[in-house]
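Numbered from 1 within each chain, the chains take letters A, B, ... in sequence-line order. No experiment lies behind these values; they were computed from the predicted model shown.
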Amino acid sequence: MSNKITTNSRNVYLVGNPNSGKTSLFNAITGERHRVGNWPGVTVQKIEGITDTANGRLIINDLPGTYSLTPATPEEEIVLKTLDEAATGIIINVVDIANFERNLFLTTQLVELGVNPVVSLNCFDSFTQAGGSIDLQKFSSFTGTTPFPTVARRGEGVSSMIDYLSRPESLTIECCNNMLALPDLWKKAAEDVLACQGLKWASATPVQRYNALRELISLKPLESDIKVQEIRRQLATQLSQGREKPVKVIDLACELASDRYRRIEKLIAACATIPGKSIPAWQEKLDAVLTHRFLGLPIFALMMAWVFWTTFSLGEIPMGWMESLVEMAGNFVKANVQEGLLQELLADGVISGVGGVLVFIPNILILFFWIAILEDSGYMSRAAFIMDRMMNSIGLHGRAFIPMIMGLGCNVPAVLATRIIDNRFQRLLTMLLIPLVTCAARLPVLVLLCGTFFPENPSIWMFSLFFVNLLVLIFLGHMTSFLFKSVENSPFLLEMPPYRLPTAASVWHMLYEKAMHFVEKAGTVILAGAIVIWVLSVFPREVPLSFNYEAELAALKAQAVTAETTEQIAALTHKRDIEQMEGRYMARIGKLMHPVMAPLGFSWRETVSLIPGFLAKESVVSTLTVLYLPYDEDLGKGMRKTGMNKLSAFVFMLFTLLYIPCIATLGVVWRESGSTKFTALSLLVYFVIAYLVSFAALKIGEALQASNGTAAEAVTIVLVGIFAGWYLLRTLLNTFIGRQCNSCAGCSGCPSKNSDCHG
Amino acid sequence: MVRTTYSLADLPEGSTGTIRDIDALSPTARRLLDMGFVPGTPIKAIKRAPMGDPTTYEIRGYQVGLRRTESALIDVEIKPDVK
């Protein structure tokens with residue numbers, strides 16, 4: 001969709017609180033389906049839609065949901081940045097009338113700046129059902145806006161609004177005594193601030209007016225210039241008149257917000273009757289059970305177990321179909337295409353690559369079916385409420401729990417599920433941590449590696465690997481939230497939307513969009529990656545061989561078949577395969593990288609095997625098996641023969657576990673984050689962490705092995721061990737006991753001390 | 001009349017208070033102000049999460065969950081006998 005303005009087109013901008021039904025209204029107007037959810041923050045980017053009417057075209061822009069024009073996140077900043085542009089078109093302010101006061105705050109801000117929006121009074125049905133009523137005529141003349149009662153979820157009231165929007169006549173309303181307008185004292189002060197910049201209120205744009213107001217209530221008054229300081233002082237003095245307590249300059253922000261809410265209260269009193277109780281009793285009862293102190297967690301755990309089981313266990317059935325379909329296609333190509341490069345490219349590159357994409361579809365569909373239901377019903381916010389404490393202990397938002405736990409099944413749908421986190425920083429942080437969650441596909445690799453290297457007691461080594469992995473995960477979470485604390489200070493506000501029955505249409509469109517989005521966006525990246533790895537592993541086609549194997553093999557094959565010749569043929573074939581493999585680009589890159597990896601005790605063979613591991617970690621094992629064939633049929637024995645000991649094997653496993661997420665995960669991270677920089681940076685972070693952790697493990701291990709190690713070394717090792725254990729324990733303790741009681745200790749006068757604490 | 005001032009974080013579950021003051025220096029407080037947490041507004045602590053944090057509050061007809069770090073910015077007062 002382009003921004004092309006045809007002769008008869010109008011730009012329409014949708015602004016409103018999160019969860020006000022803005023996206024539903026967007027869908028109802030444009031007919032183009034987008035994500036409709038029942039939790040705050042569905043819209044994360046600017047989305048455009050077009051609707052054609054008899055009088056011309058309407059271009060609808062869906063702006064991110066925000067509670068206020070004053071931005072708290074980069075997403076909300078978009079609204080302010082677009083405001084001037086939007087003021088030249090039509091602004092639709094979506095107001096959830098069931099939550100009237102808070103929703104009118106944004107309307108008040110708009111009206112103050114001279115913008116007269118069309119107001120969609122949404123959720124009008126639940127408002128009237130609860131006994132509310134509003135005089136639209138009065139509302140319109142008291143605010144200078146054009147109100148339309150709507151029920152966006154069902155598309156009610158939308159057609160008359162579209163009709164109004166497309167009408168050619170002027171859309172402004174004359175309003176002599178606007179109840180939401182800025183009081184004279186404030187307007188005078190804002191005019192004075194504008195005058196300092198050589199601007200006039202009447203000719204200033206809405207954003208310039210907004211900035212003038214922002215100057216007045218700025219948090220850092222010392223930074224603004226002297227004149228503005230003086231204006232602020234005057235304003236505070238004027239506001240203090242007739243009050244017991246004088247208004248301080250620093251309280252101006254509070255004054256302005258209070259004043260706005262006073263105007264809103266007056267307006268509502270003048271034109272509407274608000275139902276006494278906005279939350280129905282059955283909802284309160286449901287809430288009491290679902291967020292119950294003892295029942296809340298088990299209920300949530302059961303739900304998660306169900307979602308997990310259906311996604312990954314039930315999902316295996318259609319995955320099996322997908323796999324056999326891919327296999328059939330591969331066989332078909334092998335049977336019908338002439339043997340050669342093209343056949344290999346089609347069968348091993350393209351079809352297996354496509355299969356590698358399609359195989360995720362069942363998981364994604366099932367997971368998002370449940371996510372859509374959890375979201376639309378309103379339970380997702382309760383789940384976030386229950387889990388927030390635990391997730392917060394590693395710097396994450398409560399909503400991050402579902403993506404993280406899904407990561408245990410597969411990182412790909414888990415990364416896609418980060419969409420449920422509305423805050424961009426939190427979403428990226430979760431995306432950064434998910435690849436450190438050991439997915440189900442990594443498990444068999446670990447089992448295989450541990451079984452190969454430590455046939456005596458693989459489980460204890462597995463356990464220690466998981467332990468280190470968990471430590472790294474927690475540490476990275478702590479580090480990032482610590483490092484970016486100053487950058488990221490958006491408040492934690494978890495709105496509890498009312499429970500609603502999910503609509504089939506909304507669930508269906510979420511599934512459709514998810515699957516299409518995944519295939520289109522991430523699918524192409526995954527496919528490209530698969531083909532690149534394939535090319536690296538089969539090119540150059542002709543590798544200069546040290547020996548004419550083919551001639552020798554042919555000669556051997558010509559001889560009578562004896563045990564001796566069969567053995568010779570096998571040995572020669574092995575030798576040839578290895579030499580060919582060493583000549584391919586992949587091995588060359590591996591050898592080039594070897595000096596970097598050498599400090600970790602890896603030979604070039606391990607380094608090479610890490611490259612296909614990028615595609616899928618199980619390829620690490622298969623590549624190693626081929627590379628170690630000349631030493632022994634058995635990989636473990638072969639590795640031992642070339643000097644790999646238990647320690648280097650453990651370090652290698654650790655590195656394999658941590659160094660890189662698989663290409664499919666990387667593809668979705670790239671697409672979902674929308675940032676190449678973030679993806680590249682996170683790759684670097686994983687690599688550096690894997691390197692450092694492996695190096696530390698190697699050094700500690702070496703020191704442990706040297707029985708004649710000095711006392712200092714032994715002490716260091718013990719200390720590191722204790723520290724690691726303490727770190728983990730502390731995080732867990734913080735989660736479950738935490739500072740809950742410290743705060744009670746701080747308020748000695750708490751009358752409910754006994755009932756409220758230690759509960 | 002005897003009144004008691006609490007931090008919102010310490011408002012016991014189920015009790016209603018009136019917002020008295022909000023930390024003007026915190027950027028977070030700005031957002032809370034915009035959401036209707038202005039002095040004089042009644043607010044009810046609905047429920048603490050099973051792990052003790054966050055807590056849901058009811059204000060101006062809607063429910064919102066706040067962590068301790070946010071709710072500690074707000075002072076509320078309640079009449080002890082109303083509790």
Inset, instruction - State which residues pass ring-ring contact (aromatic ring centres under 6.0 Å, His included) with A:Y261; sequence neighbours excluded, sorted by chain then number. - result: A:F105
Legend entry - Greatest number of heavy atom pairs closer than 4.5 Å to chain B - which of A:R260, A:H292, A:M387, A:E284: A:H292
Inset, instruction - Check whether B:I22 gets within reach of chain A through its side chain, its backbone, both or neither, counting any heavy atom under 4.5 Å. - result: side chain
Legend entry - Part of B:R60 lying under 4.5 Å from any heavy atom of chain A: both
Legend entry - A:N392 side chain to A:D388 backbone, donor-acceptor under 3.5 Å: no
Legend entry - Which portion of B:I46 sits near chain A, non-hydrogen atoms under 4.5 angstrom: neither
Inset, instruction - Keeping the roles fixed (side chain from B:D53, backbone from B:R68), state whether a donor-acceptor pair exists under 3.5 Å. - result: yes
Legend entry - Side chain, backbone, both or neither of A:I264 within contact of chain B (heavy atoms, under 4.5 Å): neither
Legend entry - Residues forming a ring-ring contact (aromatic ring centres under 6.0 Å, His included) with A:F401, sequence neighbours excluded: A:F300
Inset, instruction - Would you mind checking which part of A:A288 comes under 4.5 Å of any heavy atom in chain B, side chain (CB onward), backbone (N, CA, C, O), both or neither? - result: backbone
Legend entry - Carboxylate-amine/guanidinium proximity below 4.0 Å for B:R30 and B:D34: no
Inset, instruction - Check for a donor-acceptor pair, side chain of A:E76 on one end and backbone N or O of A:A72 on the other, with a separation under 3.5 Å. - result: yes
Legend entry - Per-residue contact mode, A:Q283 against chain B (heavy atom under 4.5 angstrom): neither
Inset, instruction - Report the C-alpha separation of A:S381 and A:R399 in whole Å, then their side-chain angles, then the decisive distance to 0.1 Å, and conclude whether the side-chain hydrogen bond (donor to acceptor under 3.5 Å, both in side chains) test is met. - result: CA-CA 8 Å; A:S381 294; A:R399 283 186 190 275; 3.3 Å; yes
Inset, instruction - Let me know if B:T41 has heavy atoms under 4.5 Å from chain A in its side chain, its backbone, both or neither. - result: neither
Legend entry - Which of B:M35, B:R67, B:K47 touches chain A most, by non-hydrogen pairs under 4.5 Å: B:R67
